[in-house]
Participant: 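One structure follows; several queries about it will come next.
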Protein chains: 2
Amino acid sequence: MSEGNRPLARERVIESLEQSAEVYGLSRSAGRIYGVLYFATDPLSIPELVEETGYAKSTVSNVTRTLTRIGLIHRRSSEGGGRRVRFSAEQEIWFILQDVFQQYIQREIQTTLRTIKRAEAQLSEPESHEGERIRELRATYEDLEEITRLATDLSAAELRAALEAYER
Amino acid sequence: MSEGNRPLARERVIESLEQSAEVYGLSRSAGRIYGVLYFATDPLSIPELVEETGYAKSTVSNVTRTLTRIGLIHRRSSEGGGRRVRFSAEQEIWFILQDVFQQYIQREIQTTLRTIKRAEAQLSEPESHEGERIRELRATYEDLEEITRLATDLSAAELRAALEAYER
DNA sequence: CTGTTTGTTCGGTCCAGTCCGAACAAACGA
DNA sequence: TCGTTTGTTCGGACTGGACCGAACAAACAG
């Protein structure tokens, strides 16, 4: 446990990342492991992450797999070197948020929209109250789909610029 | 349990809302209760929601309180009538998403940014590797704060227009 | 005042997710 | 070849959240 001599500021930020992880549906351990990698100067192996975080080897193994799948960290398979796999953090937070956004929100919107359209098609009585509600839902979700489609193509700076340009 | 004679399309959409609720960090019961209220022609009381959803009275009570606090449904305290409180669904999905967005994402970004700034101030060695990482984090989060601040003022149509205007 | 209807609160159960340790597999160095 | 290091997988303990039923509080009808 080498947390004692670590800079306090870094520890505070890592704790904050732990909390953020929970908000985005990940575990606290995922937030800490990402944080340690974010501050690391070099890629770290699983035993090194065990040393740094205090988590069990199995936990680190599972969490790194999840984070790699999502794209939050990168798995560097260094064939030649002594240690076999090493992980580094994706530094561009914006990329991460875009990925999360696409994988959770956009996907969710699309599947919901598909369900709504299917339900609308099999309405026994299209002019009923249910029909009206479903049509309104569809209109909203079509807007949402378009918004997310456009937003995922932009960088943070572009998105900010687009909004600022519209405001005035 | 009067689900048997309900239109199938409506049931499909409600199931979809149950799933959406989970994505946004709410319980499945919250999704169903909102869905029933969304399709209801008139506001419903707690016993009626119990009848429609099959959930226990206590569950309906707790969930309606949560949904009311978030703004997903509205509590109509009808003093004069026989039944005391009645709930109706907020029909504008965009309002709901904005609320969720503000309460979860924006708040999360702001607290994180505050933590980062505090950590940056108490850096013992500002020119270190940690200092550089923390400064980059701060820059990203300031962008994010600005984006969310601008986005929460816009309607769905405006947001879509802003993005479409920027694209071409 | 008493019984009934509505809503809240409280304790408890159940389940899913997190994390751990141990067993196992694979690759390397001696 | 054999021991050591690294990583994965498996079963289980623990925890938090969702949901339930029962007890309780409040308002109304008779």
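A note on names: the letters A, B, ... follow the listed sequences, proteins ahead of strands, and every chain is numbered from 1.
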Participant: Under the salt bridge (Lys or Arg N to Asp or Glu O under 4.0 Å) criterion, do A/Glu145 and A/Arg149 qualify, and how do the steps go?
Facilitator: CA-CA 6 Å; A/Glu145 191 189 35; A/Arg149 197 183 62 74; over 6 Å; no
Participant: Report yes or no: is the cationic atom of B/Arg76 (NZ for Lys, CZ for Arg) under 6.0 Å from the centre of the six-membered ring of B/Phe87, at an angle within 45° of the ring normal?
Facilitator: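 Judged by the rule (NZ or CZ under 6.0 Å from the ring centre, within 45° of its axis), B/Arg76 is not positioned above B/Phe87.
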Participant: How long is the straight-line distance from CG of B/Leu8 back to CZ of B/Arg10, given to the nearest 0.5 Å?
Facilitator: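 Rounded to the nearest 0.5 Å, the CZ-CG separation comes to 12.0 Å.
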Participant: Go through D/dG7, D/dC20, C/dC20 for me and flag the one nearest to the A/Ala56 side chain.
Facilitator: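 Nearest listed nucleotide: C/dC20.
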Participant: With rounding to the nearest 0.5 Å, note down the distance linking CD in B/Gln110 to OG1 in B/Thr115.
Facilitator: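 One finds 12.0 Å between CD of B/Gln110 and OG1 of B/Thr115.
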Participant: Rounded to whole Å, how long is the line connecting atom CD1 of B/Ile46 with atom P of C/dT9?
Facilitator: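 To the nearest whole Å, that distance equals 11 Å.
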Participant: Do A/Glu120 and A/Arg135 meet the salt-bridge criterion of a basic N to acidic O distance under 4.0 Å?
Facilitator: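 Salt bridge between A/Arg135 and A/Glu120, a charged N being under 4.0 Å from a carboxylate O: no.
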Participant: Quickly work out the A/Glu51 CD to D/dT6 P distance and round it to whole Å.
Facilitator: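 My rounded result for the distance is 12 Å.
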Participant: Which part of the nucleic acid, if any, lies within reach of B/Ser27 when heavy atoms closer than 4.0 Å are counted: base, sugar-phosphate only, or nothing?
Facilitator: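 Contact class for B/Ser27: sugar-phosphate only.
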Participant: Estimate the overall bend of the helix from C/dC1-D/dG30 to C/dA30-D/dT1 from the end axes over five pairs each, rounded to 10 degrees.
Facilitator: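 Rounded value for the end-axis angle: 10°.
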Participant: What integer distance in Å separates A/Arg86:CZ from C/dA27:P?
Facilitator: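 Computing the A/Arg86:CZ to C/dA27:P distance gives 19 Å.
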Participant: What integer distance in Å separates B/Arg76:CZ from C/dG7:C1'?
Facilitator: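 It is 19 Å, rounded to the nearest whole Å.
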Participant: Look at the side chain of B/Ser58 against the base of D/dG21 and say whether a donor-acceptor pair falls under 3.5 Å; ignore hydrogens and angles.
Facilitator: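 Result: at least one qualifying N/O pair found.
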Participant: For B/Arg28 and D/dC19, what is the distance between atoms CZ and C1' respectively, to the nearest whole Å?
Facilitator: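 Computing the B/Arg28:CZ to D/dC19:C1' distance gives 13 Å.
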Participant: So which one's nearest nucleotide on DNA chain C is more toward 5', B/Val60 or A/Gly25?
Facilitator: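 Its nearest nucleotide lies further toward 5', so the answer is B/Val60.
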Participant: Nearest whole Å is fine: how far is C/dC20 C1' from A/Ile33 CD1?
Facilitator: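 Rounded to whole Å, this separation is 13 Å.
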Participant: When rounded to the nearest 0.5 angstrom, what is the spacing between OG1 in B/Thr66 and CG in B/Leu72?
Facilitator: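 These two atoms lie 10.5 Å from each other.
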Participant: Kindly compute the distance separating CG (B/Leu144) from CZ (A/Arg160), expressed to the nearest 0.5 Å.
Facilitator: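 Taking CG in B/Leu144 and CZ in A/Arg160, the distance rounds to 10.0 Å.
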Participant: B/Leu44 CG to C/dG7 P: how many Å, rounded?
Facilitator: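 Rounded to whole Å, this separation is 11 Å.
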Participant: By a strict heavy-atom criterion of less than 4.0 Å, which residues belonging to residues 63-73 of chain B are in contact with DNA chain D?
Facilitator: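 None - not one residue of the stretch has a heavy atom sitting under 4.0 Å from the strand.
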Participant: Who are the side-chain contact (heavy atoms from CB on, under 4.5 Å) partners of B/Ser29, not counting sequence neighbours?
Facilitator: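 B/Ser27, B/Tyr55, B/Thr59, B/Val63.
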Participant: Given D/dT8, D/dC19, C/dA27, which nucleotide is nearest the side-chain atoms of B/Thr59?
Facilitator: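 My answer, after comparing the listed nucleotides, is D/dC19.
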Participant: Hey, which sits more toward the 5' end of DNA chain D by its nearest nucleotide, B/Lys57 or B/Ala30?
Facilitator: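 Comparing both residues, the 5'-ward one is B/Ala30.
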Participant: Salt-bridged, A/Arg133 to A/Glu136, with N to O below 4.0 Å?
Facilitator: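 Salt bridge between A/Arg133 and A/Glu136, a charged N being under 4.0 Å from a carboxylate O: yes.
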Participant: Nearest of C/dT6, D/dG7, C/dT9 to any side-chain atom of B/Ser61?
Facilitator: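 Nucleotide nearest to B/Ser61's side chain: C/dT9.
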Participant: Using only atom types and a distance under 3.5 Å, with no angle test, would you say the side chain of B/Glu18 pairs donor to acceptor with the backbone of B/Arg32?
Facilitator: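 Looks like no, no N/O pair under 3.5 Å.
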Participant: In this structure, how many angstroms lie between the C1' atom of C/dT18 and the CD atom of A/Glu22, rounded?
Facilitator: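 Value for this atom pair: 11 Å.
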